[in-house]
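The structure appears below as structure tokens.
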Amino acid sequence: MTGEPGRRARARAAAGGVKSKALFRRATALMPGGVSSPVRSFASVGGEPFFAAAGRGARLRDADGRSYIDYVQSYGPHLFGHVPLFVRNALSRAIRRGTSFGAPTELEVRLAGRVASMVPSIEMVRFVSSGTEATMSAIRLARGATGRARIVKTDGGYHGHGDAFLVSAGSGVATLGIAGSPGVPDASAALTTVVPYNDAGALARAFESFPGEIAAFIVEPLAANMGVVPPRPGYLQAVRDLTRENGALLVFDEVISGFRLAPGGAQERYGVLPDLTTLGKILGGGLPVGAYGGSRELMSRMAPSGPVYQAGTLSGNPLAMEAGLAMLGEIARRPPYARLETLGARLEEGVREAIASAGVADRVTYQRVASLSTLFFAPGDLHDFTAAKTSDTARYATFFHAMRERGIFLPPAQFEAWFLSTAHTEADVRRTCRMVGESLGAAFAAPEGGGR
Ligand code: HOZ
């Protein structure tokens, strides 16, 4: 899929495609907000979403035939772009054998072996069907193993939509300005303590306030659901030491960072090992999958080896396992990290030049780690969610639409990451940087950002 929108195409894009509009009308009558996950609705940037028809490599085509350079990449699974050939081949092999069995398969054993050999802290793993399921289960295990009920998470940290995590959460929760969620019982929310990201002192104080009560501290080692906010030097080691000293487990949510920052994820990149790790996204190569893992001793507490219960009809689904094996196999055969770093550095350089040329360096910050980045409409180095939230989200909305009209699909929300894949080309990146320049102009032309 190619196609660079000229002025006419841009005008069409601004108006929204006819087919997407019709689909959205039907969808809103049948599904809440017309979507299966809130961020897709464009609720925080205004306007109507386009409907995806097909993806290939770095490109996404919408229902009206318009093509975008895609930096959403399904929010992370597509490390090699949409449907790389090796995933397609693996899936066509797998589907001939069956879609789900309710019995264990060799595929699970092979994928578990790969995960254990790649992720430094994992000896045993349990497969589930989503990142949310992985984090919910990891916390249940942490509570079961420690006999404690309280968990600590970070402000703006997002760990899926389990009750325990919908307290000061990032991602779609932050985007929609929802503090928590009706339906989460107070008694459940009361067991979650929130501390700022990148603040080990605050975690130390939480341990002082609740001595002997905290089962686990769960954290994205590289925060990517408040936009991309890297850990400060020493932060991850400090929380490792604090959890150990206080008899609590450290849970790294690597649903986004797993296999993306290094074969062993953020724990390999930063050299700090958690007790439990949650995985998803890349692990399933675009199919619904999640996993959690840790030491043999800890994981053996899960049923049926141990008493902590968790189960799933589609867990270890053979199609997802095949796609996962294909992804991790490709990572082992052709490690993508040097290429992603080169592309990421080019993108960063170009975006920084665009920011400087637009004369908005005092109002915009670009933060990047490897293939993950965010352009914040706020100044300075941002270290936590309080700082990230100072972003001018109305300007982000105008910027998002200006980029979309120019054929670049960014997350329709300020507090999400841009995802690069190995399928993006240098030309894609150059074009993106030019469009960033034009779109910053549009965003700052409007007195208050605008949105739609
Ligand atoms: N959990 C994804 C990363 N923030 C967003 C996907 C979604 O909420 O639909």
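When a residue number appears, it is its place in the shown sequence, counting from 1. Indexing begins at 1, ligand by ligand and atom by atom, following the structure's order.
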If I apply the N/O under 3.5 Å rule, does Y158 come out as touching ligand 1? no
Next on the checklist: Which label fits Y71 and W418: parallel for a plane angle under 30°, tilted from 30 to 60°, or perpendicular past 60°?
Outcome noted: tilted
Margin query: With respect to S37, determine whether any N or O atom, backbone or side chain, lies less than 3.5 Å from an N or O atom of ligand 1.
Written below: yes
Can you confirm whether more than 12 heavy atoms, excluding those of H383, are under 6.0 Å from its NE2 atom? yes
Closest to atom 3 (C) of ligand 1 among protein heavy atoms sits N225 OD1, 3.3 Å
- Distance-only, no hydrogens or angles: does the S130 side chain make a donor-acceptor pair with backbone N or O of E133 under 3.5 Å? yes
Across all chains, not counting sequence neighbours, the side chain to side chain donor-acceptor pair (under 3.5 Å) partners of T374 are none
| said: Below the 3.5 angstrom mark, is there an N/O of R40, backbone or side chain, next to an N/O of ligand 1? | reply: no
Problem set entry | Electrostatic pair E341:R368 at N-O distance under 4.0 angstrom | yes
With heavy atoms and a 4.0 Å threshold, my read on which part of K281 contacts ligand 1 is side chain
Which word best sums up how the rings of F42 and F409 line up, parallel for under 30°, tilted for 30 to 60°, or perpendicular for over 60°? tilted
Here the atoms of ligand 1 under 4.0 Å from any heavy atom belonging to E416 are 3 (C), 4 (N)
Quick one: does E220 get within less than 4.0 Å of ligand 1, heavy atoms only? no
